[in-house]
Protein chains: 4
Amino acid sequence: MQPCVVSNVDDPALVEMRRSQFVKAASELFARKGYHRTTIRDITQSAGLSTGLIYSYVRAKEDVLFLVLENVLKSYLAEIPRALEAGGGPVERFCATVRAYCEVIGDKPDATQLAYRETKSLGADYQTVIKNMELETNQLIIDRIEECIDAGYFRPVNVELLTYRIVLLAHGWALKAWRLQQFTTLDEYIDEGLDLFLNALLTPEGWAHYREVREGRGVQ
Amino acid sequence: MQPCVVSNVDDPALVEMRRSQFVKAASELFARKGYHRTTIRDITQSAGLSTGLIYSYVRAKEDVLFLVLENVLKSYLAEIPRALEAGGGPVERFCATVRAYCEVIGDKPDATQLAYRETKSLGADYQTVIKNMELETNQLIIDRIEECIDAGYFRPVNVELLTYRIVLLAHGWALKAWRLQQFTTLDEYIDEGLDLFLNALLTPEGWAHYREVREGRGVQ
Amino acid sequence: MQPCVVSNVDDPALVEMRRSQFVKAASELFARKGYHRTTIRDITQSAGLSTGLIYSYVRAKEDVLFLVLENVLKSYLAEIPRALEAGGGPVERFCATVRAYCEVIGDKPDATQLAYRETKSLGADYQTVIKNMELETNQLIIDRIEECIDAGYFRPVNVELLTYRIVLLAHGWALKAWRLQQFTTLDEYIDEGLDLFLNALLTPEGWAHYREVREGRGVQ
Amino acid sequence: MQPCVVSNVDDPALVEMRRSQFVKAASELFARKGYHRTTIRDITQSAGLSTGLIYSYVRAKEDVLFLVLENVLKSYLAEIPRALEAGGGPVERFCATVRAYCEVIGDKPDATQLAYRETKSLGADYQTVIKNMELETNQLIIDRIEECIDAGYFRPVNVELLTYRIVLLAHGWALKAWRLQQFTTLDEYIDEGLDLFLNALLTPEGWAHYREVREGRGVQ
DNA sequence: CATGAATGAGCATTCATTCAT
DNA sequence: GATGAATGAATGCTCATTCAT
C-alpha cells in the first residue's frame, strides 16, 4: 500500500533489526547535523556496521531519511491512542489526547524538528506517505473534537481548523523548545494551552461536565 | 555589532545591489530546492551573473543563506511596526500587530518555511544573529501585550509564553499553509485566532473596550 | 599443462556440473551485458545457486570468463574435426573444414563476438591459453591446406597467411552478423567465400578434381 | 544531427583542445587496459589535468568512449578518400581505396581493436552513431566497386557482401596483427589480398586494363 | 570589477570476495 | 557442500572555491 522500502535481505527479523540500528543512528545524526551533512559512512559507523551493508537494507540514502521520519510518525500513531485507555468522558478524552500528543513530542522534540526540516528532502512519493501519516495522526484529534461536539460539550466549530491549532500547539513545543524551556515547563505549556481552547470551546453544558471532572480530580 | 558578511568590494551601493540580486535568486532557489541542493552556479546563473562574482560579495555559500534569512527577518521587523501607524488603543494595537505578523508571513510563506528548514544549516554565530532577530521581532508583540496588561485590559499572564503562542499562530500559517488553505482563509484564520486569545485574555474592562471598538468598526 | 582453474571441491563430477551451470549462465550474461557489467550475483542468481558457492569452484570472477571462453574454443575443437568424418579428397576435406568452422560460428555468433570483446579482460596467462587454443584450431585448417598442396591441388602459398584469411572468413560472419544477415545467408556467404579462395588456389589438377566432385554432387 | 556530446564550456577552440587532450589520453588507456578498467582519474591524470575538469567537457565517462571511437572512425573517413587524389582508372581507384583502408588501420591497429571490443559498452544511441559512421566508411568502398562494375571491369556481384569482405580484410589486420606480423608484412598482406579479390572479380576487359596499369607501374 | 575555467576534496553507491552458520 | 550476510576498497561524479585573464 505504501511505497515500501525494498531490501535485498529476506529474513524479516534481520531486516527489522538492522534497519532499526541504522534508523537509530541516522535519527541522532540527522537531528544533529542535518540530512545532507550526514554521510552514509557517518550512519554506518555510528551503527557499528560496514559502509556497504546499509545498501542491503535500503536502496538509497533517501530511504534512510524516509525510514527515520516514518518511524517518528509511527510512534505518534502508536503512543497517542494510549491516552484513551484511561476512559473518561468526551472532554476528558479530548484533553488526554492533546496532552498525549504534546508529551510524545516533548519526549523527543528533535524528531519533530527533523520532520519539519527534512520532509522536503524526500521525493514526492515519500512526502505523500509522510503527509498521509500526519493526516492519520490528525484524525486522532478530529475524532475527539467531534465526540465533544456530538455530546454537546463543544460549540460547533471548524473542526479541521481547530485540529490544526492543536497540532501547532503540540508541534510548537518542539519548534520553539530551545526558548520555551527557559520560562515554562511542558506541563504548564499544555495546561495553559488546553485552558485557552476549552475556554473558547466549551458550551455551558460542557463547562458543567468539565468542572465536575476537575473537582473530582482535585479531591483525589 | 552583528557578525556582518564581509565583501571585497568597496562601493557600498554596489555591494547592496549585487547582494540583493543574489539574495533574490537564492531565496527562490532555496525555497524550491533547499539550501544544499542549490549550487552556487544555480544562484549566479539565476541572478544573471558569473560564477566567481558572488565571492566578491560573500565569503562562502553559507553567507548567502544567512543573507537570505536575514532578509526575511528584516522584512518582518520593517513591516510589522507599520501596523501601529493607524493608532488606536492597546487592544487594537495588539490585534493590529498580530494581524500584521500573520499577514507578512501569509505574504511569503515560503520564506518562513525556509527559515524553519534551513536555520540549522548556518554556523552557530549566524544562528545566534538570526535568533536574536527573531527575539527582536517577538519584542514587537511583547510590547503590545504589556501595553494591554498595563492598561488593565489583559489579565496578567506569562508574557513570554503568550508571545510564543502568537508567534506560532503566525508561523503556523506558513508551516501548514498547504493544508489550511484547503478549508479556510488567512483572514478567517487570523480572526478566529484572535478571538481565541482575546476570549482568554480580556479583563471585563478590556471586554468593554474591545466591544466598543468592534461596534465602532461594525458601524462603518 | 594449461593453468587450470582450481576448485575447493573434490568430487570431479560435481565440479564439472556446477561449472557448466555457471558457465552457461555467464555465457549468456557476458554476451548480453559484457563481462564487467555482469556481477557475480547476476551469474549465481541466473544459475539458481547462492552467491558464495561459485567461489568453491573458481578462484575469481576472471576464472569464470576464462571458463566461458575456453568452453567456446573447446566447442570449435570438438565440432570442426567432425567435418572430416564424411571422408572425401583433400579439396573436399578443405571445403568441409572451412564450412564447418563457419557453421559452428554461425551457430552461436555471440560466443565468438564475446571472445573478441573480452579476451583482453583476462590476465596474461589465461590469454596465452586461449590463444594457444586458437592456434590449435587454426591447425585444423593448416592441415587441410597442406594436404591440398601436398596433393598438388593447391598452388604453394603462405599457409599461415591463408589460414588467417580463412579464420577471418569464419569469424567475420560473427563480427558482422548484424549487417550481413540483411543481405545474405550464411550458406551463400560460405559458398561464395570458398569460391573466392578456390579460384585463387586451385591448380589445373585441383580444378579437375574439384569439378568432378561438384558435378558428382550436382547429380545427386 | 548526431547526438553530440554537450559541454559546459563555451569557447569552441578550448573545447576542441581539451577534448583532444582527454581523447588522446583515453585512447591509449582504453586500448591498454580496456574501458572499464580505466578510471576517470587515470584519464585526467594522464592528460595532466584535474579530475573534475573532464566533466566540463563531457557529461559522463561513456561520452569519453564515444569521443574516442568517433575519433577513430573520423580518421578513416578523412584518410581513405585521399587515396583517390592520385587519380587513375576504376580498378586503380578500387585498389588504392582498399590499400588506404588497410593502411590507415595498419597505422593504429589498437584503435580498431578498441572499436571491436568496446562499441557495445556504449548506449544504444551512441552505438547507432558509430555504426552509421562505419556504414559511411563502407560507402567509400561501395562506390569504388560500383565504379568498376559500371565500367565493365568487375563481374556483377553482391556489392554489399563484397564490401564486407574487404572491410574484413582491412579490419582483419588489426584483429590478428599480433600473429600476422610474425609471418608477413602489411604490404604483402594487402597485395595478396587484392590479388585474391581481383582474380575473382575482374572481367576479361578488366584484366586487360589491370595488366596495362601494372606493367606501366612495373616499368617505373 | 567581472569572468568562467580549473581544482580537488568529498560522497553515494557498487560489487568482488570472505566466512560464520 | 551450500548459503547469503557482511566487508570495505574502489570509482564516477559534484560542487564550493580559487585565480589568471
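Everything numeric in this text was worked out from a predicted model, so none of it was measured. Below, chains carry the letters A, B, ... as their sequence lines are ordered, and counting in each starts from 1.
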Ranking F:dG4, E:dA2, F:dG8 by distance to the side chain of C:T51, first place goes to F:dG4
Whole-Å distance, D:Q21 CD to E:dA6 C1', equals 12 Å
Heavy atoms under 4.0 Å, any strand shown: does B:D11 hit a base, just sugar-phosphate, or nothing? sugar-phosphate
When both distances are under 3.5 Å in a Watson-Crick or G-U wobble arrangement, the nucleotide paired with E:dT21 is F:dA2
Atom NE2 of C:H36 and atom P of F:dA10 are separated, to the nearest Å, by 15 Å
Whichever of B:S56 and D:S56 has the more 5' nearest nucleotide on DNA chain E, that residue is B:S56
Practice problem: Ignoring hydrogens and angles, state whether a donor on the side chain of D:K61 or D:T39 is under 3.5 Å from an acceptor on the partner side chain. | Solution: no
When rounded to whole Å, the CG to P distance for the pair B:D42 and F:dC15 reads 8 Å
Atom CD1 of A:I54 and atom C1' of E:dT14 are separated, to the nearest Å, by 14 Å
Under a 3.5 Å limit on both distances, the Watson-Crick or wobble mate of F:dG12 is E:dC11
Among the nucleotides F:dG12, F:dG8, F:dC15, whichever has the atom closest to the side chain of B:T39 is F:dC15
Winner on side-chain proximity to D:R41, out of F:dC13, E:dT7, E:dA5, is F:dC13
Winner on side-chain proximity to D:K61, out of E:dA2, E:dA12, F:dC13, is F:dC13
Picking from F:dT3, F:dT17, E:dA6, the nucleotide nearest the side-chain atoms of D:R18 would be E:dA6
Whole-Å distance, D:F22 CZ to F:dG12 P, equals 14 Å
Atom CZ of B:R37 and atom P of E:dA12 are separated, to the nearest Å, by 11 Å
Whole-Å distance, D:I40 CD1 to E:dT7 C1', equals 16 Å
Note: for B:G52 and A:A60 on DNA chain E, the residue whose nearest nucleotide lies more 5' is B:G52
By nearest-nucleotide position on DNA chain F, the 5'-leaning member of D:L53 and C:V15 is C:V15
- Item | C:Y126 side chain to C:D63 side chain, donor-acceptor N/O pair below 3.5 angstrom | yes
ask   = Does any donor atom in the side chain of C:S46 or C:K24 lie under 3.5 Å from an acceptor atom in the other side chain?
value = no
Looking only at E:dT17, E:dA5, E:dA12, the nucleotide nearest the D:L14 side chain is E:dA5
Sugar-phosphate, base or nothing in reach of C:D10, heavy atoms under 4.0 Å: sugar-phosphate
Test ring pair (Phe, Tyr, Trp, His ring centres under 6.0 Å), reference B:F30, set B:F66, B:Y35, B:F22, output is B:Y35
Between the CD1 atom in D:I43 and the CG atom in D:L29, the distance rounded to the nearest 0.5 Å is 6.5 Å
When rounded to whole Å, the CD to C1' distance for the pair D:E62 and F:dC13 reads 14 Å
Is any side-chain heavy atom of D:L69 closer than 4.5 Å to one of D:L114? yes
Practice prompt. Please work out if B:T38 contacts a base, only the sugar-phosphate, or nothing of the nucleic acid, heavy-atom cut-off 4.0 Å.
Written response: sugar-phosphate
Side-chain contact check for A:Y55: nearest option of E:dA5, E:dG8, E:dA12 is E:dA12
